[in-house]
Chemist: 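Take a look at this one; I'll ask things after.
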Amino acid sequence: MTEFSLIERYCQGIGASHESTILGVGDDAALLQVPPGMELVVSVDTMVEGVHFFPEVSPANLAHKLTAVNLSDMAAMGAEPRWATLALSLPHQDNDWLAEFSQSLDQISTEFGLQLVGGDTTQGPLILTMQVMGLVEQGSALRRNGARPGDDIYVSGAIGDAALALASLQGKASLDEAAFKKVIKRLETPVPQLKLGRALRGVGTSCIDISDGLIAELEHIAQNSQVAMKIDIDQVPVSDSYRQYVSAGGALDLALTGGDDYQLLFTAPTDRQQQIKDLSEALGIKISKIGQVLDRMNGNIESDYPLQLHFHDKPFKLQDNSGYQHFQSGRTDPE
Ligand code: ADP
Ligand code: MG
C-alpha cells in the first residue's frame, strides 16, 4: 500500500464533522473557521514508546490515551474540542495495527466531537503526536494564574489509580486481580473531564488537569497565581482499590505524586460552594474540596515552597516530592 492509500484508508473521515471545517485531510493543509466571539485553544502532546507507554499496550488503547490526554488539556481550559492533527512515526507499515488504531481513534474522537483534519506519517521509532484545537468563548478560558487567597481548592473524581497500575506493572505494588483490572483501565483509557471543564467557566478562578501528579499541579497553580496553599491530604479522594492498597501498607505518596489521573484540579471563591455542589450532582461527578488558597505573605510559609500539607491538622511530609519530570536535573520541565 502506498503512503497515500494508507492515509486514505486509516486517516480520512475520522471523528466528528463540523461545518466550520472548510477543508480537512487531503490537501497541503487544513482550513478551519473560528466563529466570531470565540478563541482558538491549541495544545499538543507526544507519546513515545518506552517513555510514555510499554510496547505491549494495544493500538486501540494507544489511540484512546493519546486522544484523551489531549482532550484533557481542552477540559482544563474550559474549551470545547473541535479539530485534531496527528503525526505518526511508525517502525513499519502494519495494517492490522493501523486498522485497530484508526477504529479506536474514530470512536473516542466521535464521542467528544473531535474531527481529524490532517497530520503527517513517517517511518521511525513508534512516536505518536496529536495536536488538538478547540474553541472557547472570548475571555472565558480557565487559566492557571487566577487563584486568589481565600479560594477553595477542589479535585474531581479519585486520583492515584493510574500510578498504582504503573507501580503494579513495575512490580512495586501488589494488587489482587479485581483491583488491578480496575486501575489498569484508569492508566490506559483515562476519561477527559470535558463537561466539568465547560461547567467551570465563570465559576473556577484557575484550573489544571492532573497529568504530572496532584502535588506538582498544585505547585503549578500556586506559582502561576503567586499564592500559597494549605492542603488537607486526608480529604484527597482515592478509589476503593487505592484504599485497599493503603490498608495493605501502601503509602498515599503514589496518589499524590504519581500522575496520569487526568482529573481536574481547580480553585473557586468560597461563595461558589453551593454552585459547585449543584454542578457535581448535575454532572454525576464527585468533587472534593481539598484545601484553601493562602496569601503568600501571610501563609506562614517557611521557605519559598508554596504548599503546606496537613493530615488531620498535623503537618504531612511526602517521602518523595518529585512528580514526574522528563528532565531530571532540577525543574527544567519546559512547560
Ligand atoms: P505533504 O507532503 O503535503 O505534507 P502528506 O503526504 O504528508 O502531505 O499528507 C497528505 C495529506 O494527508 C495531508 O492533508 C495531511 O494532513 C494528511 N495526513 C498525513 N498523515 C496523516 C495522519 N497521520 N493523520 C491525518 N492526516 C494525515
Ligand atoms: Mg507531510
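All ligand and atom numbering here is 1-based and tracks the order in the structure. This structure is a prediction, so every number in the text was calculated from the model and none was measured.
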Chemist: At a non-hydrogen distance cut-off of under 4.0 Å, which region of L116 contacts ligand 1 (side chain, backbone, both, or neither)?
Modeler: side chain
Chemist: Under the rule for salt bridge (Lys or Arg N to Asp or Glu O under 4.0 Å), what residues qualify as partners of E80, not counting sequence neighbours?
Modeler: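 Applying salt bridge (Lys or Arg N to Asp or Glu O under 4.0 Å) to E80 gives R82, R198.
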Chemist: Ignoring angles and geometry beyond distance, decide whether V117 reaches within less than 3.5 Å of ligand 1 through its nitrogen or oxygen atoms.
Modeler: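 In fact, backbone or side chain, V117 has no N or O that close.
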Chemist: Determine the interplanar angle of the Y242 and Y245 rings, folded into 0 to 90°, and report it as parallel if under 30°, tilted if 30 to 60°, perpendicular if over 60°.
Modeler: perpendicular
Chemist: Would you check the N or O atoms of C11, main chain and side chain alike, for any that come under 3.5 Å of an N or O of ligand 1?
Modeler: no
Chemist: Report, in ascending order of atom number, the atoms of ligand 1 lying under 4.0 Å from any heavy atom of D28.
Modeler: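 Matching atoms, with element in brackets: 3 (O).
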Chemist: Anything under 30° is parallel, anything over 60° is perpendicular, the rest tilted; go ahead and classify W83 against H18.
Modeler: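 Geometry flag for H18 against W83: perpendicular rings.
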Chemist: Please work out whether any backbone atom (N, CA, C, O) or any side-chain heavy atom from C-beta onward of I7 is under 4.0 Å from ligand 1, and answer side chain, backbone, both or neither.
Modeler: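 Answer for I7: side chain.
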Chemist: Is it the case that S156 and Q193 place a side-chain donor and acceptor less than 3.5 Å from each other?
Modeler: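 Checked: S156/Q193 side chains show no N/O donor-acceptor pair below 3.5 Å.
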Chemist: Heavy-atom distance to atom 13 (C) of ligand 1: which of V25, D27, L98 wins?
Modeler: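 When every heavy atom of V25, D27, L98 is considered, D27 comes closest to atom 13 (C) of ligand 1.
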Chemist: Under a 3.5 Å threshold, yes or no: a donor from one side chain and an acceptor from the other, between D209 and Q263?
Modeler: no
Chemist: If a pair satisfies side chain to side chain donor-acceptor pair (under 3.5 Å) and one of its residues is in residues 157-172, list it, with sequence neighbours excluded.
Modeler: D161-S239, Q170-K172
Chemist: Among A84, G119, G24, which residue places a heavy atom closest to atom 18 (N) of ligand 1?
Modeler: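 Nearest option to atom 18 (N) of ligand 1, by heavy atoms: G119.
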